[in-house]
Amino acid sequence: MHTPKKINDMIYEIDSRDGISTNMPVRIYADKLILEKMLSDRTINQAINVSYLPGIQKYAIILPDGHEGYGFPVGGVAAMDAEDGVISPGGVGYDINCGVRLLRTTLFENDLRPKLKNLIYDLFDSIPTGVGSGSKTRLKNSQLDDVINTGVKWAVDHGYGNKDDIENCEENGCMQKADQNLVSNKAYKRGIPQLGSLGSGNHFLEIQKVDEIYDEHAAQIMGIAKNQITVLTHCGSRGFGHQICSDYLKISTQALSKYRINLRDKELACVPNNSDEGESYRKAMFAALNFAWCNRQMITYWTRKSFEKIFRQSEEDLEMDLIYDVSHNIAKIENHTVNNRLKPLVVHRKGATRALPAHHDALPAKYKNIGQPVFIPGSMGTASWILLGGKNSMDLSFGSTAHGAGRILSRTRARHNYTKSQVQKFLNDRGIFIKSRTSNGIVEETPHAYKDVDKIVNVSHNLNIATKVARLIPIGVIKG
DNA sequence: ATGTGC
């Protein structure tokens with residue numbers, strides 16, 4: 001059993017290097033209480049396994065929301081040398097480019113309350129939700145090719161948004177060099193009917209109000225004030241990305257012996273980043289990234305239409321600007337400083353949000369001087385947060401922070417311990433109206449199944465990885 | 001997360 005060594009109140013480390021193997025230490029960013037939870041399951045052991053992957057740099061990182069995942073923990077970062085290291089489908093996860101985006105509005109809570117139910121029903125009607133849910137748009141194969149190659153831009157070019165939407169996405173909502181020829185027919189078949197759908201599980205669309213502002217200057221730049229209404233959308237690449245992950249896990253597993261890679265856990269299947277298989281996975285994974293960005297953009301379009309209809313206001317009046325869109329599950333090559341040398345790394349963020357500090361090249365002009373907006377959703381009954389990438393993110397976490405509250409109860413345990421009416425009462429008591437496709441969808445996502453998001457955010461804030469801008473609280477939710 | 005399990 002490995003006992004984490006305390007570096008300070010928020011940083012713990014496990015260093016199991018023996019001078020022979022080429023592993024790196026594990027870094028855990030957490031407070032004492034959060035750390036204890038992690039010690040009770042396989043989270044830390046999974047990170048130790050990751051720390052032995054070929055070419056890993058500095059340390060395998062567990063963020064404060066870290067919990068067990070497929071091979072790699074969810075809520076973690078692993079950065080590999082782009083020349084000598086590996087790339088791993090499990091380091092991104094099944095839901096490639098699951099992510100969140102936040103819209104502002106000119107409405108305040110008083111404007112919203114009288115029309116809340118109408119709005120939620122209208123959103124539920126216009127945005128497909130649930131497992132296997134299909135979209136209203138029927139794409140042709142060639143149109144999916146375009147989505148794969150252009151991401152958010154496809155949606156904007158087809159009337160589902162504006163130029164500013166592109167600018168305010170991580171990577172402008174499109175990774176270059178995605179390749180449709182490396183995506184299986186099976187993935188095409190699953191993806192075609194699903195572009196523009198929310199999905200199920202913890203995916204949701206939430207109407208919120210700004211509860212409290214912590215950084216007035218940043219809030220002003222984002223166009224939000226206390227009690228103002230915002231909309232948070234959380235979804236990913238649906239069956240399309242899921243199939244791509246499955247396909248390349250299989251390919252990676254089969255290639256292990258060819259590249260003489262030994263793993264502590266089969267689920268960490270990986271290939272050299274610069275091998276044919278590595279290049280193929282990256283280009284197929286990029287296809288799913290672009291699909292997901294386009295997906296969120298189409299949902300944004302229907303969200304704006306619903307608001308315009310229910311509030312009988314124009315696009316110009318509602319000013320539903322996209323504040324930003326961030327990915328939670330992604331791997332890409334970024335330059336980072338290791339041992340005082342800037343070099344390209346394959347940064348795997350699995351349940352982790354990019355959190356670039358002010359003045360970083362990749363930031364749009366609007367955020368250049370303050371840093372990258374980061375959104376951390378809590379559970380459906382509790383707060384979500386807006387943060388800004390902080391000064392220490394590049395040194396501590398390869399420019400990353402947490403992505404959510406992190407589960408403490410499994411879905412099965414949640415179903416066992418709570419009923420639909422209990423959860424609905426809990427939400428109702430807090431003035432939250434929910435419309436869900438299924439009862440299980442409500443019970444499994446009960447706020448009791450999640451850690452306290454405020455505590456997760458405090459760790460990030462205190463370490464100056466990403467700092468507080470505003471706390472948001474939910475008013476209405478739609479989900480699968 | 002997911003046409004939810006070999």
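Treat the numbers as computed from the prediction; the structure is a model and nothing was measured.
Distance A:Phe240 CZ to B:dT2 P: 15 Å, rounded to the nearest Å. At whole-Å resolution of the value, CZ in A:Arg238 and P in B:dT4 are 12 Å apart. Atom CG of A:Asp95 is separated from atom P of B:dT4 by 16 Å (rounded to the nearest Å). One atom, CZ of A:Arg411, and another, P of B:dG5, lie 13 Å apart when rounded to the nearest Å. Between the CG atom of A:Asn97 and the C1' atom of B:dT2 there is a distance of 16 Å, rounded to whole Å. Look at CZ on A:Arg415: it is 14 Å from P on B:dT4, rounded to the nearest Å. One atom, CG of A:Asn295, and another, P of B:dT2, lie 10 Å apart when rounded to the nearest Å. Across the protein-nucleic acid pair, A:Gln243 atom CD and B:dT2 atom C1' stand 10 Å apart, rounded to whole Å.
Proximity of A:Ser246 to the phosphate of B:dT2: no side-chain N or O atom is located under 4.0 Å from OP1 or OP2.
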Pair A:Asn172-A:Ile166, side chain to side chain contact (heavy atoms under 4.5 Å, CB included): steps then yes or no: CA-CA 5 Å; A:Asn172 293 320; A:Ile166 297 174; 4.0 Å; yes
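A:Glu444 comes within contact range of no nucleotide atom at all, as no heavy-atom separation falls under 4.0 Å. As judged by a 4.0 angstrom heavy-atom cut-off over every strand, A:Gly201 is placed among residues touching the sugar-phosphate backbone only. The residue A:Lys186 sits close to a base: some heavy atom pair falls under 4.0 Å. Note on A:Gly199: only backbone sugar-phosphate atoms sit closer than 4.0 angstrom, heavy atoms only; bases stay farther off.
Checking side-chain atoms of A:Asp65 against main-chain N and O of A:Gly404 turns up a donor-acceptor pair under 3.5 Å.
Just one residue in the list A:Asn97, A:Asp165, A:Leu322, A:Leu198 forms a side-chain contact (heavy atoms from CB on, under 4.5 Å) with A:Arg296, and that residue is A:Asn97. Paired with A:Tyr281 under the rule side-chain contact (heavy atoms from CB on, under 4.5 Å), one option of A:Ser275, A:Pro89, A:Ser252 passes, and it is A:Pro89.
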